[in-house]
Structure formats: C-alpha cells, structure tokens
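Have a look at the structure below before the remarks.
Computed from a predicted structure; not experimentally measured.
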Amino acid sequence: MTAAPNPIERFSLPRGDGQGDYVVYLSRPEGEAKDVPVIFVLDADMAFSLAVEVANLRAIGGAFPRPVLVGIGYGANFAEMAKLRTGDLTPPTSAEGAAALGNMTSLIGDKSGGADALLAFIVDSLAPEISRRCPEASKTRRILYGHSLAGLFTAYALLTRPDAFEAFLASSPSLWWDGFAVLKHLPGFAEHRKKLGQLPRVMVAVGGTEQDVPTEVPPSLNMDLAQVQAIVTMARMVDGAAEFAVALRDAGLTNVHHVCFTDEDHASVIPPSFNRGLTIALKP
C-alpha cells in the first residue's frame with residue numbers, strides 16, 4: 001500500500017522587515033478532518049519535500065494523523081539560501097560571536113540577528129494566513145521543526161516565546177552560536193514556564209557522530225583542517241544537545257525528549273529526526 005501524493009502549493013508572503021518575500025510551501029491532508037495539527041518546517045527549500053514524504057508514509061492506513069505542513073523558504077539556490085538563512089535564524093549576535101566565525105562567513109554570510117523578526121512573521125503573519133487558506137488547520141496545535149541553525153532558532157523560540165507552539169522540535173541545534181549565548185535565556189524561560197497553561201512538548205535530537213573530530217575539510221568551506229577541527233570541538237554538538245535537554249527539565253519542562261541517533265552525522269540525521277519529531281509531537 002502506498003500513500004496518495006499530496007500536492008505542494010507555493011505562494012509568497014512579504015517579510016516583516018520589508019526586504020522582499022518569503023516563499024511558503026503548503027501541503028494539506030486529504031479529507032474533511034478538523035483541528036488538524038500544523039507543522040512549520042524551516043529551511044523548506046531543502047527539507048520540505050522530505051517532510052511531506054515522511055508525513056505521508058506515517059499516515060498510511062490512517063494509523064497516524066497527517067498534519068498540515070507549512071514550509072518557510074526563499075526559492076533561492078543553495079549559495080544564496082545559506083546566507084539568507086543565517087541572517088533570519090540567528091538571535092542578536094555579539095561582535096565577539098560574529099568575529100569567532102572567521103572564514104565560515106564565506107559559506108554562511110555575515111548577516112545575523114533576525115530571529116525575533118522571523119518568529120514574529122511566523123506567529124503574526126504566516127499562521128493567520130494558513131488559518132485563512134486551510135479551515136482544517138488547528139489554531140492551537142502548532143509545531144515548529146528546525147535543523148542546525150534552524151534548530152538554534154527553534155531553541156530560541158522555545159526559550160523566548162514558549163506559548164507560540166505546542167511542540168518545539170530542535171534537530172542538531174547550533175547552540176554554540178555566539179558562545180552558547182542562547183542558554184542565557186534559560187532563567188527567563190523558567191519564569192515564562194510558570195505562566196503556561198499547557199507545557200510544550202520538546203525534542204532535542206542530534207547525530208551521534210557530529211562531535212567526532214574531522215580528518216578532512218568539506219569542499220564548501222574555505223578553511224584549513226585545523227580551523228574546522230577547532231570549530232567542531234568548540235561546538236560540542238552531541239554534549240551540548242544532551243546538556244540542553246537536562247537544562248530544560250531542570251527549568252520545569254516535563255515532556256523533553258533527548259534523542260542521539262547513533263552513526264548519523266549533521267546531514268544524515270535530518271530524516272530520522274523529523275520522523276521522531278512527528279511521533280513526539282503528534283502521538284496522543
């Protein structure tokens with residue numbers, strides 16, 4: 001048995017900063033369901049088709065709910081997208097944090113600090129537009145999924161606006177950004193948490209090999225091997241994800257899932273992390 005394909009719509013919405021438009025991807029379940037959960041997928045130019053296929057596969061036979069999937073992207077080639085996403089997905093960044101990136105900016109660009117504007121766009125502009133276009137879409141069951149810098153954005157959204165989504169799915173979050181500055185929001189989050197009527201579900205996932213010291217330089221990086229090794233060591237992707245999950249539990253969250261996928265790297269972990277995220281966010 002195969003899942004029926006779901007068509008993907010594309011439309012544009014103006015950015016909140018007035019700097020052009022976002023490309024929005026939309027895939028809806030068939031049928032007359034009501035109050036359908038909505039999953040917002042960041043980096044949609046890369047990840048949205050995968051998300052649709054995984055969601056369709058899980059929905060075979062009706063054993064698992066098929067969500068409304070909404071992707072936020074740029075409709076740009078990889079080189080341009082890699083720079084645009086950095087500006088949008090990162091919290092305000094210190095001068096020291098920006099300087100520490102070094103030659104990495106040749107790949108990811110030197111713009112940063114747009115996370116608050118993107119979060120406001122999703123909550124205040126995109127979510128109401130999805131409600132208008134999709135009467136079946138739930139107005140309360142909203143879920144956020146992001147990987148890498150988008151995982152950092154997901155963590156930042158959780159810590160600063162924990163009431164914005166029912167579940168936050170952070171895959172390989174770049175918590176290291178700006179010297180792990182995102183963790184400074186944990187005390188404020190603990191205060192936010194006391195005012196929440198319902199605590200969000202959270203996934204913090206990572207690939208088990210992401211902290212392994214590399215022996216060669218990826219072709220896309222204009223850096224030498226020693227620089228790449230220093231960044232991987234500093235980032236502490238595997239340890240940082242585990243510690244973040246513990247910190248969230250210490251801050252009062254009771255539904256935190258930490259998942260380390262053995263033998264997966266920073267890229268190969270995306271399919272299993274989205275699949276696990278569906279289970280965590282949607283399973284009763």
Side-chain angles (χ1 to χ4, degrees), residues 1-13 21-78 81-82 84-85 88-89 118 121-122 126-127 129-139 141-151 153-154 157 165-172 201 203 205 207 259 261 264 266-283:
M1 180 185 297
T2 59
N6 292 76
I8 297 176
E9 295 180 47
R10 285 176 50 148
F11 60 93
S12 297
L13 281 181
D21 296 338
Y22 286 113
V23 175
V24 180
Y25 300 74
L26 174 62
S27 178
R28 304 166 61 180
E30 297 178 342
E32 302 295 328
K34 296 181 180 179
D35 198 38
V36 177
V38 182
I39 301 182
F40 294 88
V41 180
L42 298 160
D43 287 329
D45 299 309
M46 296 186 293
F48 195 71
S49 294
L50 168 68
V52 171
E53 291 301 325
V54 172
N56 285 344
L57 180 64
R58 295 295 301 276
I60 290 176
F64 205 78
R66 174 55 163 82
V68 173
L69 294 170
V70 181
I72 302 101
Y74 304 96
N77 62 44
F78 179 80
M81 184 206 68
L84 290 170
R85 69 189 289 272
D88 282 338
L89 295 171
L118 176 56
F121 165 80
I122 296 172
L126 180 55
E129 178 65 15
I130 296 303
S131 294
R132 186 185 71 80
R133 290 172 178 259
C134 306
E136 73 274 20
S138 176
K139 292 181 173 59
R141 300 200 62 194
R142 292 171 175 164
I143 298 146
L144 182 65
Y145 172 86
H147 175 77
S148 193
L149 281 181
F153 176 88
T154 302
F165 301 94
E166 183 182 73
F168 296 78
L169 310 175
S171 173
S172 300
R201 303 182 188 189
M203 178 190 77
V259 190
F261 292 95
E264 303 295 351
H266 192 67
S268 68
V269 76
I270 298 173
S273 74
F274 185 77
N275 183 49
R276 184 67 61 87
L278 283 180
T279 300
I280 291 167
L282 300 181
K283 189 174 182 179

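- Shown here for A157 and F168, the closest heavy-atom pair between the two residues is C-CE2, 3.7 Å.
- Taking CD1 of I8 as the reference point, atom CG of L26 lies at 9.5 Å (rounded to 0.5 Å).
- For the pair L89/D43, a side-chain contact is recorded, criterion being any heavy-atom separation below 4.5 Å from C-beta on.
- Considering only heavy atoms from C-beta on, L50 comes within 4.5 Å of P271 through its side chain.
- In this structure, E9 and C134 have side chains that are not in contact, with every pair of non-hydrogen atoms separated by 4.5 Å or more.
- Taking every heavy atom of both residues into account, A55 and P67 meet most closely at CB-CD, 4.2 Å.
- In this structure, R28 CZ and E136 CD are separated by 4.0 Å, a value rounded to the nearest 0.5 Å.
- Atom CZ of R133 has more than 12 neighbouring heavy atoms from other residues, nucleotides or ligands inside a 6.0 Å radius.
- Pairing each heavy atom of A281 with each of E166, the nearest pair is O-OE1, 4.3 Å.
- Put simply, the side chain of D45 gets close to the backbone of Y74: a donor and an acceptor are under 3.5 Å apart.
- Between the side chains of T279 and R58, at least one donor-acceptor pair of N or O atoms lies under 3.5 Å.
- F48 does not carry R10 over the face of its six-membered ring by the limits of under 6.0 Å from the centre and within 45° of the normal.
- Here the CG atom belonging to L118 is positioned 11.5 Å from the CZ atom belonging to R85, to the nearest 0.5 angstrom.
- In summary, the side chains of S273 and Y145 do present a donor paired with an acceptor at a separation below 3.5 Å, with no hydrogens or angles considered.
- Closest approach of V23 to G75, counting heavy atoms only: CG2-N, 3.8 Å.
- In this structure, CZ in R66 is found 9.0 Å from CD1 in I39, a value given to the nearest 0.5 Å.
- Once rounded to the nearest 0.5 Å, the distance linking CG of L42 with NE2 of H147 reads 12.0 Å.
- Between F165 and F40, the ring-plane angle classifies as perpendicular under the 30° and 60° cut-offs.
- Across L144, L278, I143, V41, a single residue satisfies side-chain contact (heavy atoms from CB on, under 4.5 Å) together with L169, and that is I143.
- For the residue pair V68 and P29, the shortest heavy atom distance occurs at CG2-CD, 3.8 Å.
- If you run side-chain contact (heavy atoms from CB on, under 4.5 Å) between Y22 and each of L126, I72, L84, I122, only I72 comes through.
- A heavy-atom distance below 4.5 Å is not found between the side chains of D88 and F153.
- Residue T154 holds its OG1 atom at 10.5 Å from CG of L149, rounded to the nearest 0.5 Å.
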